Amino acid sequence: GPNTMVGDEAYPPYQRPPLSKAYLLGSFERPRLFLKANNYYAETGCTLLLNTSAKAVHRAEQTVELTDGRILAYDKLLLTTGAYTINHTLYPKAPYNLEKDFAPVSLLASISFLVIVPPSLPAKNLQELIALAKAKPGTLNCAHSGPGTTAHLGCEMLKSAAKIDIVPIPYKGTVPAIIDVVAGQAQLMFAVMQGGLPQGKAGKLRAVAITGKKRHPSIPEVQTISEAGYAGADFVTWNGIHIPVKTPKAIVAKLNAEFDRILKLPDVKDRMFDLGLDPVGGSAESFGTFVKEDIARWAKVIKEANVKAEQ
């Protein structure tokens, strides 16, 4: 079979497993999001193949097998992420449209970003960082992992909301960007929780704000962007499940219920929190509303900042 892409990484070619074997391919960066996967699929007799190529899923033939109301096999699910709602505007000529070609099934997790600075920067919170940026316009570099990424758009959103002149600087990935912030070569960055949290806890970086609507239990002392006075600049990235739009609603409902159930398992929730992921769940309809709002949020930022996709 083909390589399955997740972000910038490719998993090795795979063969479709027999229905009797539990199988999970493709979750948030690694197949570790559903940490209860083996027990879950043993319980339900479920084979779940998450195909992360939107083009491939859209062109695939629809097949469904159900036994006793349980999912027996389903390989036409698409793992979606926050990049899809950004790319909706960045790539208007893409061969698929997330809203028209796919139906929402489940919002699995939301992931906040941390606004991080080097410990040497004289800013203990977001208000002090904004004051420093206003005192020294054009001198603070905001590192990010590439044009059109969530980290880049976070820089642009903060620039607009706080009316400051900071300079977005692209890097070839998150790791080199964080390294330069640690070294003080860049003065701030929007880092996804998994990337910024370990460095912050080690004292190599300082988190001055979190982009989600609520403080995170792993770093309760860090204020939200809204609490700092910039309510319009809060955002998250996310993981979800979509399915070809012609799928019967009854099947969507059954899939939604299954994902909702596993997201409520205590050990899954605990481990997701440890990874900086907030389990969400909820109805397929609420996920659809969330996607519409996320598309509109990033479309506004992209157009106002004249952000172009990297060629």
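Note that these values count all heavy atoms, side chains included, but never hydrogens, waters or copies made by symmetry. None of these values were measured; they are calculated from a predicted model.
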What closest approach, in Å, do [X] and [Y] show between heavy atoms, and which atom pair accounts for it?
{"X": "L90", "Y": "V307", "answer": "CD2-O, 3.9 Å"}
{"X": "F287", "Y": "P104", "answer": "CD2-CB, 3.5 Å"}
{"X": "I178", "Y": "A191", "answer": "CD1-CB, 4.4 Å"}
{"X": "T149", "Y": "I86", "answer": "C-CD1, 4.4 Å"}
{"X": "G138", "Y": "V167", "answer": "O-CG2, 3.6 Å"}
{"X": "A143", "Y": "A186", "answer": "CB-CB, 3.8 Å"}

[atom1]-[atom2] distance between [X] and [Y], expressed to the nearest 0.5 angstrom:
{"X": "T80", "Y": "I243", "atom1": "OG1", "atom2": "CD1", "result": "11.5 Å"}
{"X": "S106", "Y": "N256", "atom1": "OG", "atom2": "CG", "result": "5.5 Å"}
{"X": "K134", "Y": "D165", "atom1": "NZ", "atom2": "CG", "result": "12.0 Å"}
{"X": "L188", "Y": "I116", "atom1": "CG", "atom2": "CD1", "result": "8.5 Å"}
{"X": "D278", "Y": "N239", "atom1": "CG", "atom2": "CG", "result": "11.0 Å"}
{"X": "L277", "Y": "L263", "atom1": "CG", "atom2": "CG", "result": "10.5 Å"}

Q: Take V117 and V181, measure what side chain to side chain contact (heavy atoms under 4.5 Å, CB included) needs, and give me the verdict at the end.
A: CA-CA 6 Å; V117 302; V181 177; 5.6 Å; no
Out of curiosity, does [Y] fall in the hydrophobic cluster containing [X] (side-chain heavy atoms, cut-off under 4.5 Å, transitive links)?
{"X": "Y96", "Y": "V245", "answer": "no"}
{"X": "Y171", "Y": "V192", "answer": "no"}
{"X": "V301", "Y": "Y91", "answer": "yes"}
{"X": "L140", "Y": "I179", "answer": "no"}

Indicate yes or no for a side-chain donor-acceptor contact from [X] to the backbone of [Y] under 3.5 Å, with no hydrogens or angles considered.
{"X": "S110", "Y": "V236", "value": "no"}
{"X": "T211", "Y": "F235", "value": "yes"}
{"X": "S160", "Y": "M157", "value": "no"}
{"X": "R297", "Y": "A233", "value": "no"}
{"X": "D180", "Y": "Q185", "value": "no"}
{"X": "R206", "Y": "L121", "value": "yes"}
{"X": "Q187", "Y": "N141", "value": "yes"}
{"X": "T289", "Y": "E285", "value": "yes"}

Heavy-atom check, side chain of [X] versus side chain of [Y], under 4.5 Å:
{"X": "Q223", "Y": "N125", "result": "yes"}
{"X": "I210", "Y": "V115", "result": "no"}
{"X": "F259", "Y": "L108", "result": "yes"}

Q: Check the pair S218 / M193 against side chain to side chain contact (heavy atoms under 4.5 Å, CB included), numbers first and verdict last.
A: CA-CA 10 Å; S218 60; M193 285 279 291; 3.6 Å; yes
Q. Are W238 and Y84 near enough that their ring centres are under 6.0 Å apart?
A.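 No, too far apart.
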Q) Are the aromatic ring centres of F190 and H152 under 6.0 angstrom apart? A)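 When the ring centroids of F190 and H152 are compared, they turn out to be at least 6.0 Å apart.
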**Q.** Passing option when M189 is tested against I169, T174, V182, L205 for side-chain contact (heavy atoms from CB on, under 4.5 Å)
**A.**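 Of all the options given, the one that passes is T174.
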Q: Please test K201 against I219 for side chain to side chain contact (heavy atoms under 4.5 Å, CB included), starting from the C-alpha separation and ending with a verdict.
A: CA-CA 9 Å; K201 288 189 176 294; I219 43 169; 4.2 Å; yes
Q: Could you tell me whether the side chains of H88 and D294 share a donor-acceptor contact shorter than 3.5 Å?
A: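 Distance-only check fails for H88 and D294.
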Q: Scan side-chain atoms only and decide if S283 and S286 contain a donor-acceptor pair under the 3.5 Å cut-off.
A: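 Yes, because at least one side-chain N or O of S283 sits under 3.5 Å from a partner of the opposite role on S286.
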(Q) Pair I130, E128 - check side chain to side chain contact (heavy atoms under 4.5 Å, CB included), show working. (A) CA-CA 5 Å; I130 300 299; E128 291 181 3; over 6 Å; no
Q: Please determine if R215 and E227 form a salt bridge, counting it only when a charged side-chain N lies under 4.0 Å from a carboxylate O.
A: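 Yes.
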Q: I would like to know whether H242 and D101 meet side-chain hydrogen bond (donor to acceptor under 3.5 Å, both in side chains); could you show each step before the answer?
A: CA-CA 10 Å; H242 278 76; D101 297 327; over 6 Å; no
